[in-house]
Number of protein chains: 2
Amino acid sequence: MCLDGVTNCVPVMSEGRSVLHRREVSGLTATIDDVARVAGVHRSTVSRALNPRTQVKLSPETTRRVQRAARELGYVPNAVARGLRTNESMSVGVVIPDLLNPIFPPIISGIDSILRPAGYTALVTDIQGGLDAYEVALASLRQRRVDGFILATAQLDEGESFHRLHEQGVRAVLVNRAAASSPFPVVHGDDAGGMREALDHLATLGHVRIAHLHGPEWLSTTEGRRAAFDEWSRRHPEVTVTGSYCGPLTPEGGQEIMSDLLDASPEAWSRPTAVVTGNDLMALGALRALRARGLHCPGDMSIVGFNDMPFADEFSPPLTTVRVPLRQLGIESARLLVQQLHDEGGGGMELTLPVTLMVRGSTAPPPG
Amino acid sequence: MCLDGVTNCVPVMSEGRSVLHRREVSGLTATIDDVARVAGVHRSTVSRALNPRTQVKLSPETTRRVQRAARELGYVPNAVARGLRTNESMSVGVVIPDLLNPIFPPIISGIDSILRPAGYTALVTDIQGGLDAYEVALASLRQRRVDGFILATAQLDEGESFHRLHEQGVRAVLVNRAAASSPFPVVHGDDAGGMREALDHLATLGHVRIAHLHGPEWLSTTEGRRAAFDEWSRRHPEVTVTGSYCGPLTPEGGQEIMSDLLDASPEAWSRPTAVVTGNDLMALGALRALRARGLHCPGDMSIVGFNDMPFADEFSPPLTTVRVPLRQLGIESARLLVQQLHDEGGGGMELTLPVTLMVRGSTAPPPG
DNA sequence: CTGTTAGCGCGTTCAA
DNA sequence: TTGAACGCGCTAACAG
């Protein structure tokens, strides 16, 4: 088709062959009108033939003719136009605190494995830890009319803000981090259970002086684990809790507070013989701090991480850590969101996924 | 405003106060018409007042009035409607082969740091290595009318396909991987230079039997490094190249071909004393294979990786590897794309970023 | 400087 | 079973 050598093709929009020509020249995709013309039917018929839901009301013959025309023209429905009409963008905003934290790729991957088959596209936004970046991201995604959100950025005190969003009709699911009182479903690992497993493991090894190097207090993960830590230590009076140290959930954070801890008690007899860290990145920093003092893990001190981020088993020593089913976290949160988007409820529920202690090389009996 | 207690509010769309009410009840955002009504001007005036480019042509007084009204109503321009009208979605499709490969987060992060300030949103799509998934992703993104692509998935033989896209008016930039003949700009690390540095380093250490464990042949990175490997070995006849082994760029791939290599020459005297791998993941697998045989790195064999992925320095031993400026790769590719989108040319150019050999613990003089 | 008009491409009423 | 008409929210042309 369009074999003639027309060169100065005025962009007449709705006149016979020229539309096809426009397409082949500039790459602009065919519209529904083009398909209608080629199939010899009306636009609305094309729309119906291409939509599985309305397709049943057409004669098979017409359906086939339309679909053949569409295929011939390489017709691709314009998602923007459809979105304007249907008020559904078939996209979901996924907001994460820091893409460079290795726990997020598996979560995102899990999310995607559910959203894509359901017809949704994930718009992943990394806010790099910034609070105002979070606001901007939210605004930008709402402006793009995403159908819902998966938020991995929740802070404990965001409940009120979430309630406002909820009242505005915003659909969302929280993943990994929860808010104190949230109208949105939450999917997270069993922080308390993981902490207990870690402590039981250390106690079994014979540790009696244990510290907790945790993350910022405004995170639900911190709170859950710290509460479990306190609770456990109350039930195990034979174990001395030598303090609870707070720092950012980064290698630098871990390194710094471990250094502080070592400064505070330079003598081995007073120092904790084991620490549980807020996540694996902090554990990594703690390892570095130890190394910097010429101390060894697990010889001089045992370390338990949290999350079992990718490659935690390749560290030196391989990290003993509480495995959180990261990919599954993504899967379940996406499922819950799709459920909401299909008006199948599920609001406000809390899904706690079981965790597993991975015992590896960074824990051993205490020195001496 | 809207203080009256109207309860059964029929959704009259364009009648006075009820629009406001609709908004407060259901969360539907105010439209440009609502703002126009409140500000007492025409829609187009609102549009102009809110668009920095056209704003100059308005009286400051009007501009202020409109902006105040917009703020009061919490007006957020509908990006979907705007996209339909302007035929610009202000979004860019970023297609990557595998999100779980740690080299991609830094690349994506770099891309984002350029796109976001330029007003674009990155639509990151992970094709999980699947070729048909790639086609689907491309179609889906085009259907969403992305303004351009950043492709990290290029295969050597894709030149023709890229030319077709280019002729259709598609804007794109290739990152990390190139195609044999591409109309699109390419940004990648200096594969050949990195390989030479790695080999020089090994030669200096005294290695005379070196192997290359490389990735799939259809990748430009593989080709570039292998060509440099061959070229270098031709110039260094004193060094025996003990073979070139191909496998997937994963830990499993590296583990398997290293096992094969060890099977092929079980005796230490015939075995290569050093290998350069296609990337750090393969290096990781090679390390595992070594360990599985009770061999040590670097004692029995030295290993050089490629990319310097995050945490490669935390492996055991810390990996000697060719650092590719991953984040910069992302930054430059995004820059080039934005340039194209602004019609500032830059098409077809090739940007080769310098790489650095990071000498760490996985290389040492050969045994014996 | 501002208002009017006219679609962007689609899905969804209504009628026939 | 199909066609006609309408409008989603916005911006770009053209007037005035």
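Naming convention: chains lettered A, B, ... in sequence-line order (proteins, then strands); numbering from 1 in each chain.
- Side chain of A:V41, nearest nucleotide from D:dG3, C:dC10, C:dT4: D:dG3.
- Between the side chains of A:R335 and A:Q340, no donor-acceptor pair is found at a separation under 3.5 Å.
- Counting heavy atoms from C-beta outward, B:I96 and B:T125 have side chains that stay 4.5 Å or more apart.
- Comparing C:dT4, C:dT2, C:dG11 by their closest approach to the side chain of A:I32 singles out C:dG11.
- Side-chain proximity of B:L84 to the nucleotides C:dG3, C:dC8, D:dC8 is greatest for C:dC8.
- Among the nucleotides D:dT2, C:dG3, D:dA12, the one closest to any side-chain atom of A:R48 is D:dT2.
- Nucleotide C:dC10 holds its P atom 17 Å from the CD atom of A:E88, rounded to whole Å.
- Proximity of A:T86 to the phosphate of C:dG11: no side-chain N or O atom is located under 4.0 Å from OP1 or OP2.
- Between the CZ atom of A:R37 and the C1' atom of C:dC10 there is a distance of 15 Å, given to the nearest Å.
- Here the side chain of A:N51 pairs no donor or acceptor atom with the backbone of A:R48 at under 3.5 angstrom.
- Atoms CG (B:N87) and P (C:dG7) sit 16 Å apart, rounded to a whole Å.
- Between A:T45 and D:dT2 there is no side-chain polar atom (N or O) within less than 4.0 angstrom of OP1 or OP2.
- Within the structure, every side-chain polar atom (N or O) of B:R82 is placed at least 4.0 Å from both OP1 and OP2 of D:dG9.
- A side-chain N or O of B:E158 and one of B:Y134 form a donor-acceptor pair less than 3.5 Å apart.
- Neither OP1 nor OP2 of D:dA5 sits under 4.0 Å from any side-chain N or O of A:S44.
- Rounded to whole Å, atom C1' of C:dG7 lies 14 Å from atom CG of A:N78.
- A donor-acceptor pair shorter than 3.5 Å can be found between the side chains of A:S59 and A:T62.
- Both A:A79 and B:L58 sit near DNA chain C, but only B:L58 has its closest nucleotide nearer the 5' end.
- Following rounding to the nearest Å, A:R65 (CZ) and D:dT1 (P) show an atom-to-atom distance of 15 Å.
- Whole-Å rounding puts the B:D34 CG to D:dG9 P distance at 9 Å.
- At whole-Å resolution of the value, CZ in A:R43 and C1' in C:dT13 are 14 Å apart.
- To the nearest angstrom, C1' of C:dC10 lies 14 Å from CZ of A:R53.
- For C:dT2, one of the phosphate oxygens OP1 or OP2 lies less than 4.0 angstrom from a side-chain nitrogen or oxygen of B:T62.
- Side chain of A:R85, nearest nucleotide from C:dC8, D:dC8, C:dT2: D:dC8.
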